[in-house]
There are 2 protein chains.
Amino acid sequence: MAEHPDIDILARSELFRGVPLDALREVQAVAFRKRFAAGDTVLRQDDTAAILYVVVVGRLRATQTGLDGQQIIIRYLGPGEVAGYTPLSGGDVHPGTVVAVDDSHLIGMPSAALREIMARHASIAINAASLLGARYRDLQVRLRELATEKVDRRIAHTLLRLAQQAGRRTARGIEIVFPLSRQDLAEMCGTTLHTVSRTLSGWEARGIVDSGRRRVVIAKPDALNDVAEEGQGGTG
Amino acid sequence: MAEHPDIDILARSELFRGVPLDALREVQAVAFRKRFAAGDTVLRQDDTAAILYVVVVGRLRATQTGLDGQQIIIRYLGPGEVAGYTPLSGGDVHPGTVVAVDDSHLIGMPSAALREIMARHASIAINAASLLGARYRDLQVRLRELATEKVDRRIAHTLLRLAQQAGRRTARGIEIVFPLSRQDLAEMCGTTLHTVSRTLSGWEARGIVDSGRRRVVIAKPDALNDVAEEGQGGTG
DNA sequence: CGGACTTTTGAAGTAATTCAAGGGGAGTGG
DNA sequence: CCACTCCCCTTGAATTACTTCAAAAGTCCG
C-alpha cells in the first residue's frame, strides 16, 4: 500500500503543492526520473516543449539568448521548482535554455499528459498561475531595476535576491550555495564581468563580501542592503 | 431568455475565452461595469488586490515605481486584456499601478468571487496560466533587450511591439492608436526622453517615422525593423 | 607542472545622461 | 478671436558611468 516516493516530493513542489492525492497519482504514473551532471543542458531554447521538469535536488540556470548571441540569465532554479514551464502556459517552444550548474535530479513528465491532467484538476492550474505570476512579478522588479538603477545597486540587489533564494548561513556570512562566476553575475545584472569584478573588489575591501573563484559570500548583508537602497553611500 | 450582453464580451477576453457558459454566467453574476476617463487611476501599486478588471474598450498603462520614485512602464493594456492580474496568481497586493490613457470601459469583479469560481472551473485557471505565461515570456525578451542592446535598437523594438499590439494601418504608415509621449517611450525602454527625442528626430529625417505631440506613426516598418535587428545600419 | 578557465586591474574610448535653454501646439479663458 | 499658459518636444554642450581593449596574475584539475 505504500505510495511511490516521488508522490511525496511532488506534493512539496511549487506546482503540485496542495493538490489532491488522486491527481498526484496520475502525475506520478506518467512521470520519470532523470539525472543531469553539472554543465548538462536540460532543455534548449526554441525546441518543442515536450517535457516539464520538477527539480528534486541540484541547481539549474535558465538563460535566454538573442539573435546575435548575447545572453542573459533569467533565473536560477532549485529544489521544488519547475524547469520548462512552457506547457503550463500553452506555449509550444521553450523561450530559453536550461542548464544544470550542479549535479541534479529531476522528475520529468510529458507536456501533453500534464496538460490533460491539469484540465481535470483545477488546483494544478491554479498553482501554475500562481507560480507564473510570481515569476512575472519578479521580472517586473528586475526590469525596473535594470532600467532605472546604476550597476552597483543592481549587483547588490541581485546578490541579496540570490542570498534569499539560495543562501546558506555560515560563520563568514551568507554563502551562495552554487557556483557563480563574475560572468554569471554580469549576465544577471546587464553589465560586464569587468564591472562586476571591480565592484566586488570594492566591496571586498570594505568587508561587505568575501568572494573567490565562482564563490560569493555576503559577509555584511546589512551593508549590502544599504548599497542596494542608497547607492554606494553609508560606508559607516 | 437572452443572455446578458457582457457574457459575450467576457467570452472573447483572454481570461474567459473557451470557458463553458455556466462558468461565464457565474462570473457575470458577480461582475459590474465601470468607466474611467483618460488620466484616471484604475488601481494603485501596493493596494490590496480586491478587484480584477477586463478591458472592454479603451487603453490602460501599467507602471511600476521604485522607492526613489523612478518609474517604468510594464505594458499597455487594450480590449480583452486583464488589468490587475494579481488575484489570478494568488498575490494580495498590486505590484504596479494602472492608469487609463484613453477613456475606457472595464468589467470588474471581486477577487474572492473570481478565485472561488476559478477553483471549480479549471479552464479559467488554465487561461490565467496562459496569459501570465505570455506576459512572462514578453518580459524575458524585454529584459534581454534592455540588458544587451543599445538604446536605438531598444526603441525600435519597442515601437514595433506597440505597432503589433496597438497599430492601425493608415495612408502614412502604422499609427500607434493611443497617446504616447517621448517620456512614455523612455519609460518603456529604460532611457531618457532626451535620448528618445534625438533618436526619433534622426529617424524622422530618414523618413522612417512621423511623430508629433504624443503621436507616433511608423512610416517605414521595414526600415525600423532593420534598425531593430542590425543597429542603425542599412540606411538604403 | 602544464593548460584551461577565472579574475583582476589599468588605460582609453564612448554611448548616453545630465544640465541648460528655447521653441512649438493645444487648450483655456478673457 | 487672440493671448496666455501649460505641456511637450528639441537641440547643444558638458559630464560621466560604464564598456572595451589589453595584459597579467591567480586557481583549479588532471
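A note on names: the letters A, B, ... follow the listed sequences, proteins ahead of strands, and every chain is numbered from 1. Computed from a predicted structure; not experimentally measured.
- Contact of A:His194 with C:dT7 (side chain to base): no donor-acceptor pair of N or O atoms is detected under 3.5 Å.
- Atom CG of A:Leu180 is separated from atom P of C:dT7 by 9 Å (rounded to the nearest Å).
- Taking only side-chain nitrogens and oxygens, A:Thr192 comes nearer than 4.0 Å to OP1 or OP2 of D:dT19.
- Taking every side-chain heavy atom of B:Val151 into account, C:dA16 is the closest of D:dT10, C:dA16, C:dT18.
- Within the 4.0 Å cut-off from OP1 or OP2 of D:dC18, not a single side-chain nitrogen or oxygen of A:Thr191 is found.
- Around CZ of B:Arg35, the count of heavy atoms belonging to other residues, nucleotides or ligands within 6.0 Å does not exceed 12.
- Across all strands, B:Ser181 comes closer than 4.0 Å only to sugar-phosphate atoms, never to a base (heavy-atom distances).
- Computed from coordinates, the B:Leu185 CG to D:dC8 P distance equals 14 Å when rounded to whole Å.
- Atom P of nucleotide C:dG24 and atom CZ of B:Arg182 are separated by 15 Å, given to the nearest angstrom.
- One can place CD of A:Gln183 at 13 Å from P of C:dT8, the figure rounded to the nearest angstrom.
- Side-chain atoms of B:Arg59 never come within 3.5 Å of backbone atoms of B:Val101 as a donor-acceptor pair (strictly under, hydrogens ignored).
- Rounded to whole Å, the separation between the P atoms of C:dA20 and D:dC7 comes to 22 Å.
- Atom CZ of B:Arg153 is separated from atom C1' of C:dA15 by 15 Å (rounded to the nearest Å).
- Residue-level contact check: B:Ser201 touches the backbone only, with heavy atoms under 4.0 Å from sugar-phosphate atoms and none from bases.
- Checking A:Thr195 against B:Leu193, the closest nucleotide of DNA chain D that is more toward the 5' end is the one next to B:Leu193.
- Atom pair A:Leu146:CG and C:dA16:P shows a separation of 14 Å (rounding to whole Å applied).
- Contacts of A:Arg213 with the nucleic acid, taken as non-hydrogen atoms under 4.0 Å apart, include base atoms.
- One interatomic measurement links the two molecules: CD of A:Glu204 to P of C:dT7, which rounds to 12 Å at whole-angstrom precision.
- Between A:Arg198 and A:Arg215, the residue whose closest nucleotide on DNA chain C is further toward the 5' end is A:Arg215.
- Between B:Arg135 and B:Glu14 a salt bridge is recorded (basic side-chain N to carboxylate O distance below 4.0 Å).
- At C:dT7, none of the side-chain N or O atoms of A:Ser197 fall inside 4.0 Å of OP1 or OP2 (strictly under the cut-off).
- Rounded to an integer number of Å, the gap from CD of A:Glu187 to P of C:dT7 is 12 Å.
- A donor and an acceptor atom never sit less than 3.5 Å apart when one is taken from the side chain of B:Arg214 and the other from the base of D:dC7.
- A salt bridge is absent between A:Arg154 and A:Glu145: the closest approach of a Lys/Arg side-chain nitrogen to an acidic carboxylate oxygen does not fall below 4.0 angstrom.
- In summary, B:Glu81 and B:Arg75 engage in a salt bridge, as defined by a charged side-chain N under 4.0 Å from a carboxylate O.
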